Amino acid sequence: MSALFIFFGFFCSILAARILVHAQQGFITIDCGLDANTSYKDNLTGIEYVSDAAYIDTGENHNISSDYLPNAEAVQNMNLRSFSDSTRNCYTLKPVRQGNKYMIRAGFMYGNYDGKNRIPRFNIYIGVNLWDSFQFKSASKVYGTETMIVASADFISVCLVGIGDGAPFISSLELRLLGGLYNALNASNFFLKPVRYDLGSVTNRSIRYPYDDYDRMWTPDNRLPSKLSLLSLNTSSNISSSQNDGFQVPIRVMRTFVAPSNGSNINISWDMTPDPTIQQHIVLHLAEIQLLRSNESRIFDIFLNEKLWHGNFSPRYLQTDHIFTMESINQRSMIRISKAANSTLPPILNAIEVYQVKSFSELATDNGDVDAIADVKKTYHIEKNWISDPCSPRNYAWEGLGCSYNSSMSPRIVNLSLADYGLSGKIAASFAKLGALRYLNLANNSLSGEIPDALGELHFLQELDLSNNQLKGPVPTLLQIRSANQSLILRIGGNSGLCYGSNSCQSQRKLSVTIIIVIVVIAAAFLLMVAACMWKMRRKQAGSLKPQKEGHSRGHLKDKNDLFELKSRQFAFEDLVVITKSFQHAIGKGGFGIVYLGELQDGTQVAVKVNSQSSSQGINEFQAEGELLTRIHHKNLVSLVGYCEDGNYLALVYEYMAQGSLEDHLRGKSSTTRFLNWIQRLQIAIEAAQGLEYLHSGCKPPIIHRDVKPSNILLNHKGEAKISDFGVSRIFQNDQTHVSTAVVGTMGYLDPDYFFSCKLTEKSDVYSFGVVLLELITGLPAVLRNPDRGQLVHWILASGDINAVIDDRMQGEYDAYSVSKAAEIAMKCTLPTSIERPTMSEVVMQLKECLALELSSGTTQIHDTSEICTNCDDSVELSSSTTTTNRRQDDDSDLSSAGITTSHYQNESAVSQTAALLHQGCDPSKS
Ligand SMILES: *[C@@H]1O[C@H](CO)[C@@H](O)[C@H](O)[C@H]1NC(C)=O
Ligand SMILES: *[C@@H]1O[C@H](CO)[C@@H](O)[C@H](O)[C@H]1NC(C)=O
Ligand SMILES: *[C@@H]1O[C@H](CO)[C@@H](O)[C@H](O)[C@H]1NC(C)=O
Ligand SMILES: *[C@@H]1O[C@H](CO)[C@@H](O)[C@H](O)[C@H]1NC(C)=O
Ligand SMILES: *[C@@H]1O[C@H](CO)[C@@H](O)[C@H](O)[C@H]1NC(C)=O
Ligand SMILES: *[C@@H]1O[C@H](CO)[C@@H](O)[C@H](O)[C@H]1NC(C)=O
């Protein structure tokens with residue numbers, strides 16, 4: 001190695017005169033130890049050296065002893081920065097661009113700066129990998145080391161690490177952008193310890209910038225370790241190289257070559273310490289600079305370690321050629337260039353480069369973790385030794401951090417302890433982005449505000465200590481769930497404002513004044529009307545309604561069958577953890593809480609709705625939804641797979657509706673990628689209408705949904721629509737009145753008749769459905785964004801012409817008559833007087849007529865109906881010979897095609913439907 005340790009001779013450049021005009025793009029040139037805010041232009045290269053103050057926070061500046069000034073060769077070697085705390089000190093070189101190639105060179109001259117006359121030993125790292133180890137022999141010499149690397153981030157760190165033998169120091173640091181050079185250099189390796197000789201050099205000085213655009217240093221051959229008797233030649237002609245030449249050797253280097261002065265061989269050899277993790281990249285640069293006569297020839301063979309590498313090579317006149325290879329390292333490598341038998345002239349060589357190519361032994365920390373922890377560092381102004389990579393190299397992980405290491409994967413941060421750090425402000429959201437975290441300790445700080453919900457979604461978190469801060473508000477539900485389940489140790493003592501469990505925080509919630517004003521303004525009218533209705537209803541009810549019969553009470557599970565049915569579908573909390581893979585993948589957030597994707601043991605995908613304590617809807621509604629849904633079975637109603645009631649926590653497990661809500665398809669994330677065509681919209685309308693029809697007329701007493709809107713119409717993997725969200729539904733005990741007192745519903749969909757009659761009936765659902773149908777036709781939201789226009793229904797009535805507002809994303813591909821008939825149905829549904837509106841059964845019938853019209857007109861291609869289906873493999877469904885109407889009506893025939901299992905399914909559904917009939921009074925024949 002010592003043979004490769006090149007004495008660069010920083011001052012030995014031949015270009016005193018040529019001062020540069022253009023700026024050095026992609027250069028960072030630092031004179032370490034220079035006073036802050038000072039800089040100067042180097043007399044030889046014209047490159048500007050700046051102080052290192054902007055690149056490092058640690059260390060002290062020193063001037064070398066005046067005794068050594070004559071040996072300094074250049075200003076940058078006259079001072080240095082040293083680090084008495086020698087553990088690990090890093091320069092952060094930026095800006096650089098991730099993925100670009102850079103050369104980095106560091107210079108060192110001890111010069112007895114500390115008067116101790118003792119040269120320290122230390123190591124230098126590039127990023128997380130060892131770059132070089134130093135044991136300088138002379139205090140009066142300038143030493144250099146170099147590396148080439150692909151930037152793995154938008155900065156490159158260079159770290160000096162002591163080995164317990166004196167304080168590390170550095171005199172200069174230079175970074176150079178390499179552009180497209182060196183194809184062998186890539187993101188998984190780096191080059192170091194270059195051997196780069198300019199053969200036949202006419203001076204004894206290195207060639208560098210500006211003759212080399214990349215400021216590589218080409219050492220003159222008189223410094224070759226093995227001196228040979230060589231003849232040098234030079235030319236002043238121009239030498240060209242190919243356009244995308246990957247080496248860009250300076251012309252000044254190519255203009256000279258060596259040839260053997262006697263004999264017919266050029267021999268060059270060098271030593272290296274064998275290391276299986278290192279390869280060497282050897283490059284020969286060749287160009288003929290003599291114009292040969294017709295009877296002359298220059299042909300030679302090139303041997304590497306006595307094996308033929310390249311035979312019968314003849315250099316081209318004034319054209320650069322490169323011969324390169326990647327070889328494993330021998331103790332001694334040797335190149336022999338031999339004259340061929342039919343050559344009249346001896347062999348030549350213009351320049352040679354050898355690099356050690358090392359694979360990264362240490363991987364840099366996971367990028368996501370780096371970003372998150374960098375944000376934590378910035379948010380709380382953490383100084384400490386938090387520089388360079390958080391986890392690598394392993395022995396220099398940041399203080400307070402624990403990392404997991406795995407040879408093939410980037411290290412992850414798994415432990416983070418910032419207890420007693422004096423942190424203040426809110427708990428940063430970036431903590432929750434440390435996805436592999438197992439242990440987080442923020443105890444004994446002054447953190448305030450609420451605990452972010454996202455902390456509950458750190459799946460691997462086993463211990464969370466937030467004690468003795470000033471936190472307030474509710475503890476996120478998921479944290480509570482996991483704590484109760486003992487999958488997480490949660491410490492929150494010493495925070496007086498926190499509420500946990502049934503201890504509700506609602507009253508302690510602080511709303512900003514602006515939000516309160518906005519809410520008041522928006523909701524005032526609505527709430528006033530509702531309040532008036534409630535008051536009116538109460539009085540009416542008190543007078544006319546009989547108390548509910550005990551036997552009809554749905555509040556508790558009293559019936560034996562009830563209990564049995566629920567138990568068979570009941571999940572324990574642990575089951576949910578397994579089903580959802582520890583609540584890994586959240587797919588939505590509803591009024592009740594977060595919805596997670598899960599998978600049952602048989603592979604069936606399910607949606608798991610977890611009740612969150614902080615949700616606006618209460619636990620009673622949640623239970624109501626669960627109990628109600630277990631009794632209802634219809635192909636156009638989202639079915640409940642199971643139910644979890646474990647301690648204080650409740651969850652519902654639904655069939656998974658892979659394609660999300662109609663809302664998404666009309667306006668959300670799915671709407672930009674694909675548009676529903678008219679046939680798809682009609683089918684969705686028919687299916688949703690059938691679901692409602694079942695609730696209204698298949699169940700006795702009828703069930704009123706009360707919150708029909710596109711976000712409550714979900715599509716399964718086949719694109720079939722089902723009605724969801726029964727949490728707000730209630731069954732009315734009294735057949736005659738169909739009255740409800742609790743107002744729910746959504747602005748834009750709420751029956752206007754309700755404000756006069758104070759009754760929600762099936763016709764209220766019909767109204768809401770009419771609004772949904774208008775949205776399907778127009779693609780517009782129920783409450784228009786333009787404040788002047790108000791509700792969609794009113795606006796369409798006022799505009800008078802439905803044709804003018806048909807969703808233009810359908811690109812005219814529909815039968816005009818079919819659309820206007822649908823519009824007519826929608827307008828009937830949204831009539832202000834509820835008695836005038838059709839029933840859902842009538843709506844279903846008329847919509848089917850619309851579909852028939854559309855299909856017979858043939859404006860839309862049938863195969864388009866499968867378009868919203870993204871990743872399902874139901875080839876039968878897509879068969880173009882099956883018309884859509886048939887497919888939809890013959891749902892049961894799908895089952896018979898599935899073979900012998902049919903009867904099993906039919907029996908099972910018959911059983912559950914009978915059970916449903918018993919409890920709920922829904923007619924299975926209608927489902
Ligand atoms: C360097 O300059 C910056 C602003 O240009 C100034 O804030 C800083 O104090 C200066 N540092 C020194 C050591 O002069
Ligand atoms: C650079 O050259 C100028 C004039 O030739 C001289 O005054 C100055 O001291 C030189 N600077 C260095 C750093 O050698
Ligand atoms: C080094 O010497 C220069 C003058 O040559 C002086 O300006 C600078 O402050 C000195 N630096 C230190 C760290 O003593
Ligand atoms: C990087 O280059 C090395 C040769 O030095 C090669 O073996 C490796 O496959 C390359 N890696 C990538 C990711 O291109
Ligand atoms: C290097 O060049 C200088 C003058 O340019 C000369 O004095 C010295 O002898 C040369 N050294 C060698 C080793 O050629
Ligand atoms: C020299 O000899 C080699 C075979 O040894 C042959 O391939 C090559 O063409 C010859 N070159 C000339 C210029 O005769």
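Bear in mind that the values here come from a model prediction, so they are computed numbers and not experimental data. First listed ligand is number 1; within each ligand, the first listed atom is number 1.
When Tyr143, Phe134, Tyr113 are each tested for a ring pair (Phe, Tyr, Trp, His ring centres under 6.0 Å) with Phe108, only one passes: Phe134.
Near Asn63, meaning under 4.0 Å from one of its heavy atoms, ligand 3 places the atoms 1 (C), 2 (O), 3 (C), 8 (C), 10 (C), 11 (N), 12 (C), 14 (O). The Asn61 neighbourhood of ligand 3 comprises atoms 13 (C), with distances under 4.0 Å to a heavy atom of that residue. Proximity to Asp35 (heavy-atom distance under 4.0 Å) selects the following atoms of ligand 3: 7 (O), 8 (C), 9 (O).
Between Asp35 and Thr38, the side chains place no donor N or O within less than 3.5 Å of an acceptor N or O (distance only, hydrogens not considered).
Of the inter-residue distances, the one linking Ile348 atom CD1 with Phe313 atom CZ reads 8.0 Å to the nearest 0.5 angstrom.
Ring centroids of Phe83 and Phe122 are separated by 6.0 Å or more, keeping the two rings apart.
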Can you produce the list of protein nitrogen or oxygen atoms under 3.5 Å from a nitrogen or oxygen of ligand 4, alongside each distance?
| residue | atom | partner | partner atom | Å |
| --- | --- | --- | --- | --- |
| ligand 4 | 2 (O) | Asn186 | ND2 | 2.3 |
| ligand 4 | 2 (O) | Asn189 | ND2 | 3.2 |
| ligand 4 | 5 (O) | Asn189 | ND2 | 3.0 |
| ligand 4 | 11 (N) | Asn186 | ND2 | 2.9 |
| ligand 4 | 11 (N) | Ser188 | OG | 3.3 |
| ligand 4 | 14 (O) | Asn186 | ND2 | 3.1 |

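Within 6.0 Å of atom CZ in Arg97, 12 or fewer heavy atoms from other residues, nucleotides or ligands are found, so the atom counts as exposed in its surroundings.
Under a 4.0 Å N-O distance rule, the pair Glu327/Lys307 does not qualify as a salt bridge. Under a 4.0 Å N-O distance rule, the pair Lys433/Asp371 does not qualify as a salt bridge.
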